[in-house]
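Position 1 is the first residue of the sequence, and the numbers go up from there.
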Amino acid sequence: MRTNSSSCSQTEAIPSAMEERDFDSTMLAQNLVGRSACFREAMALVQLYAAWSAPLLISGETGTGKELVARAVHYQAQRRHRPFIPVNCATLPDTLVESELFGHTRGAFTDASQAREGLVRMAEGGTLFLDEMEALSPRGQGALLRFLQDSSYRALGGNQLHHADVRIVAATNTNLHERAAARGFRDDLLYRLDAFHVNLPPLRERLDDLDLLVPHLLAKAARQTDGVVRRIGPAGLALLRGYDWPGNVRQLENVLLKAHVVCQGCEVGVAELQRCVPELVQADTTQAPVTPSQSLREARRAAVVQAERRFVEDWLARTAGNISAAARLTGIERASLSRLAKKYGVKARELGSI
């Protein structure tokens, strides 16, 4: 049975999660957590660009908080009292992309039994956030480019020209400049979108922020579950610092939520973390001597590399080189385990006879 001892903090003193309409700069500052140099640099640009209406491109790996930054840009500006409309470009069907963006008139196409407003009209006076911009079809890219040129558009099937006061904020987890060079994205659209640009650093480049992020996310986990704020011990925090976090802050948030749920006491420790993510392995520093020239971070990474490789080798050896079986036994996704094996050059066929 879960422990709710008096030594565990309660959430009464922690602000509850706010709905979108209640967002303000204070709440956003509480959610954009970090103090590392690269993170502060990105947040300084967010604050600077929020005051203007030119298009903004936010780049960064999956899970780095691109939508949260887009909301910060919107809710710190004069547009904060107008709509913030998010849309995932991957969900816009190519045949209907113009209708989705700009709306359509009745009878504009076979199934258009009535007129419908588009996303641009819905975002009037506010911000249209286009996530996964790299997934927008060529047809959609052309339609968006025309709108960005003079902020005017026509509903599909209509003749009337409309003007919209909408700020476009786009996000991508790929390098759009490389895509444009390879003819995979319109370079003229990229130049329009890239008026302002914020690149969000991955979590592995700001591991020092874990000291702030972990308590923040554990408090959030408490609000989502039993209301009891659990802390993390030094060993658990050291374990988190030794991981590369391919899923970035989103992955960290999910790991801490699961660890909070399985934790029976007030402190999330190594056991709970490893139960949630077997890839979180404690480094055996006895076999990874630290040289005088190594920094603490370099020494930690060297130890983690050694431990991860040994972890993959051991489990593939136990399963006669069968990655699928090893993935089932460890609880790691097969793709993740395969990626680790490839990373360290561990080939299943070399271990099959062990």
Might you point out which heavy atoms bring [X] and [Y] nearest each other, and give the distance in Å?
X    : Y    : answer
G125 : V166 : N-CG2, 4.4 Å
V73  : A50  : O-CB, 3.6 Å
E134 : L176 : CB-CD2, 3.9 Å
R71  : P86  : NH2-CG, 4.2 Å
G236 : V270 : N-CG2, 4.0 Å
A42  : N199 : CB-O, 3.9 Å

E253/K220 ion pair, N-O < 4.0 Å: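 Yes, this pair counts.
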Can you confirm whether [X] sits close enough to [Y] that some side-chain heavy atom of one is under 4.5 Å from a side-chain heavy atom of the other?
X    : Y    : value
L240 : W245 : yes
R35  : D211 : yes
V198 : M43  : no
V46  : Q76  : yes
L210 : L252 : yes
L130 : L136 : no
Q251 : L203 : no
L96  : L92  : no

Whether F147 and Y153 hold their rings parallel, tilted or perpendicular, with breakpoints at 30° and 60°: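 The rings of F147 and Y153 stand perpendicular, inter-plane angle above 60°.
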Ring geometry between F129 and F84 (parallel below 30°, tilted from 30 to 60°, perpendicular above 60°):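 The arrangement is parallel - the two ring planes meet at less than 30°.
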Evaluation steps, side chain to side chain contact (heavy atoms under 4.5 Å, CB included), between L32 and F39: CA-CA 9 Å; L32 293 168; F39 183 79; 4.2 Å; yes
Candidate pair R192 and Q149, rule side chain to side chain contact (heavy atoms under 4.5 Å, CB included), full reasoning: CA-CA 8 Å; R192 292 279 184 179; Q149 287 171 349; 3.5 Å; yes
Residue pair V249, V33: steps toward the side chain to side chain contact (heavy atoms under 4.5 Å, CB included) verdict: CA-CA 10 Å; V249 178; V33 177; over 6 Å; no
Derivation and outcome, side chain to side chain contact (heavy atoms under 4.5 Å, CB included), residues T172 and E132: CA-CA 5 Å; T172 180; E132 295 193 45; over 6 Å; no
Tell me if a side-chain donor or acceptor on [X] pairs with a main-chain N or O of [Y] at a distance below 3.5 Å.
X    : Y    : value
D244 : P246 : no
K66  : G60  : yes
Q47  : A44  : no
H260 : V268 : no

Hydrophobic cluster identity match, Y191 and L56, side-chain contacts under 4.5 Å: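 Different clusters: Y191 never reaches L56 through Ile, Leu, Val, Met, Phe, Trp or Tyr contacts under 4.5 Å.
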Inter-residue atom distance [X].[atom1] - [Y].[atom2], 0.5 Å rounding:
X    : Y    : atom1 : atom2 : result
N173 : D131 : CG    : CG    : 8.0 Å
L119 : L128 : CG    : CG    : 6.0 Å
M133 : N88  : CE    : CG    : 10.5 Å
L273 : L256 : CG    : CG    : 7.0 Å
F185 : E178 : CZ    : CD    : 14.0 Å
T174 : R179 : OG1   : CZ    : 4.5 Å

Qualifying residue for side-chain hydrogen bond (donor to acceptor under 3.5 Å, both in side chains) with S53, from R79, Q78, R167: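 Output: one option passes, namely R79.
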Residue among R223, R230, Q224 satisfying side-chain hydrogen bond (donor to acceptor under 3.5 Å, both in side chains) with D226: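 Result: among R223, R230, Q224, R230 is the only option passing the side-chain hydrogen bond (donor to acceptor under 3.5 Å, both in side chains) with D226.
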Neighbour count above 12 (heavy atom, 6.0 Å) for R139 CZ: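 Result for CZ/R139: enclosed.
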Other residues, nucleotides, ligands: >12 heavy atoms within 6.0 Å of D150 CG: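 Above 12, so yes.
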Criterion salt bridge (Lys or Arg N to Asp or Glu O under 4.0 Å) on R116 and E100, from CA distance to verdict: CA-CA 9 Å; R116 178 186 174 189; E100 292 289 330; 3.5 Å; yes
Donor-acceptor pair between N248 and T64 side chains, under 3.5 angstrom: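 The answer is no; no qualifying pair exists.
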Between D209 and S36, a side-chain donor and acceptor under 3.5 Å: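 S36 and D209 do have a side-chain donor-acceptor pair below 3.5 Å.
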